[in-house]
Structures are given as C-alpha cells and as structure tokens.
Amino acid sequence: MDGEEGKVVDAIDRADEEVRTRGLRVSSIQDAEYVSTFAAPERRSALVPREPYTSIQYRKPKRYVDLAKKVLHLRSNSAVGEKTFDIFMESEGLIDDKESDA
C-alpha cells in the first residue's frame, strides 16, 4: 500500500473503531429521510427600475482614436466613445456633469 492509500485505510479503521466503542449507529443513504431546508430570502426593498441602455458604434481613423485615448487617459476604444459622448451631451447642455457618470 502506498502512503495515501494507507492513510485512507487508517482513517476508515479509526472510524470503524469509534463506531464500535461509542455505540454509534451506522446507516446508509437509503435510510435517510429527505427534508427540505432551503428557504428563499425575502426581498428587503422593491426593485428599482433601470433605465434601458443601448450601444452606439461609429468609425473614425485609428490615429484619431489613439490620440483621444492618450489625451483623455483612457485605455479602450469603447471608453473613448463613452467619454466623447458624455462630453458632447454636456457641451450641448443636454445633461449636467453629474449625469454623465450614470
């Protein structure tokens, strides 16, 4: 027997000895009775409806997008799109600065 197999056999032997010395009852899974213990948690507050979102796609020369990433300190093209859209909305007075982060 290798080391791991020996450990398993020893553990089983110890369990058998404990059953005998403590007078424990051993049963099989077939003897078990099913009891449902799961209860779904209650909701503490009503769900707040979220504003629907959509995506916008447009194409611009890569050199311009790379320049915008550098100037705006962003890493992805999608971040450039989101930021430039926010800047447009703010500059047109359509939203205030706080709304652009939503």
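Since we're looking at a predicted model, the values are computed, not measured.
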With a 4.5 Å heavy-atom cut-off, do Arg14 and Asp10 have their side chains touching?
-> yes
Check whether Tyr58 and Phe88 end up in the same hydrophobic cluster, where Ile, Leu, Val, Met, Phe, Trp and Tyr are linked by side-chain heavy atoms less than 4.5 Å apart.
-> yes
Inter-residue atom distance Leu94.CG - Glu90.CD, 0.5 Å rounding = 10.5 Å
Same cluster or not: are Ile95 and Ile87 linked, directly or through other Ile, Leu, Val, Met, Phe, Trp or Tyr residues, by side-chain heavy atoms under 4.5 angstrom apart?
-> no
Any chain of hydrophobic side-chain contacts (each under 4.5 Å) joining Val65 to Leu72?
-> no
If you count the non-hydrogen atoms of other residues, nucleotides and ligands that lie under 6.0 Å from OH in Tyr64, is the total more than 12?
-> no
Separation of Leu74 CG from Asp66 CG (nearest 0.5 Å) = 12.0 Å
Hey, is NZ on Lys83 packed in by over 12 heavy atoms from elsewhere, all under 6.0 Å?
-> no
